[in-house]
Amino acid sequence: TQLLEQSPQFLSIQEGENLTVYCNSSSVFSSLQWYRQEPGEGPVLLVTVVTGGEVKKLKRLTFQFGDARKDSSLHITAAQPGDTGLYLCAGGGGTSYGKLTFGQGTILTVHP
Amino acid sequence: GAVVSQHPSWVICKSGTSVKIECRSLDFQATTMFWYRQFPKQSLMLMATSNEGSKATYEQGVEKDKFLINHASLTLSTLTVTSAHPEDSSFYICSADTGAVSSGANVLTFGAGSRLTVL
C-alpha cells in the first residue's frame, strides 16, 4: 500500500508570511498532484508534477517533485487570506491510472 | 472544461433508511469514476473505483453491501448507503476520469461533494 505523509497538518500564519507544506512517501509515484479544497466543495487541482526534480510555479505557489519521485513540496510566498483552505497532495502510479492516494491534508489559515 | 455534478449536495435521513447519491459527468463520458469519503478537516479516503458496465472495486475495509455502487452508463455512477446509521454521516465526493492526460497524468475532475447526515 502506498502512503503519503503530509506535514504539517495545521498551519496558522499572518498575511505576508511564507510557508512550505511537505509530502513524503517511501514509495515511488509516477505523478504527484496538489489540490486545494474549500469547505463544502470538492478538491480543485493546482498542479501535476511527473518528472523527478521538476519545479513548477503558479503565481506565488512553487511546487517541487523530489529527484526520486517519492516526495514533493508546496511553497507559498507572501501568503494572503485568500490562500486559506485545505491543501492535499495526491500520488498516482503504476497500473492504477486515475486512482489517487491522498496525503492527510494541511489546513492553512492565513490571518489578515 | 470537464464538469462533474453530484446530487444531492446535502441530505438528512433517518437511521435505517437508504440514501442514493448521484455522480454525473456533464460534458464527457467517464468509464471510471471514484468514490471518496471525507470526515471534517481530514483528507479524502478512497472507498471504491466504479467501472462502467462492471462491478465496482472496493478498497480494503469498505463494506460492499453497505455502500452499493452502480455505474450503469458512461455518464452516471451512483452510491447508495444502505441502512444508514449516524456513523455513516460524512462528506462523500466522487471524481471522474476524463480520459485526458495532462503532464503525463490522468486528468480527474471532482464533484462538489454530498454531505450526508444520518439522524
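Throughout, protein chains are lettered first and strands after them, A, B, ... in sequence-line order, and every chain is numbered starting at 1.
Only the side chain of Gln33(A) comes within contact range of chain B, with heavy atoms under 4.5 Å apart. For chain A, the nearby part of Gln38(B) is the side chain; its heavy atoms alone come within less than 4.5 Å. When heavy atoms are compared at a cutoff of 4.5 Å, Glu54(A) does not approach chain B at all. Only the side chain of Leu86(A) comes within contact range of chain B, with at least one heavy atom under 4.5 Å from a heavy atom of that chain. When heavy atoms are compared at a cutoff of 4.5 Å, Leu46(B) approaches chain A solely by way of its side chain, counted from C-beta outward.
No side-chain N or O of Thr57(B) forms a donor-acceptor pair with one of Thr49(B) less than 3.5 Å apart.
A 6.0 Å sphere centred on NZ of Lys66(B) holds more than 12 heavy atoms belonging to other residues, nucleotides or ligands.
Using a 4.5 Å heavy-atom threshold, the side chains of Met47(B) and Glu63(B) count as separate. Residues Asn51(B) and Thr31(B) have side chains not in contact (no heavy-atom distance under 4.5 Å, counting atoms from C-beta outward).
Not a single donor-acceptor pair under 3.5 Å links the side chain of Glu17(A) to the backbone N or O of Ile13(A).
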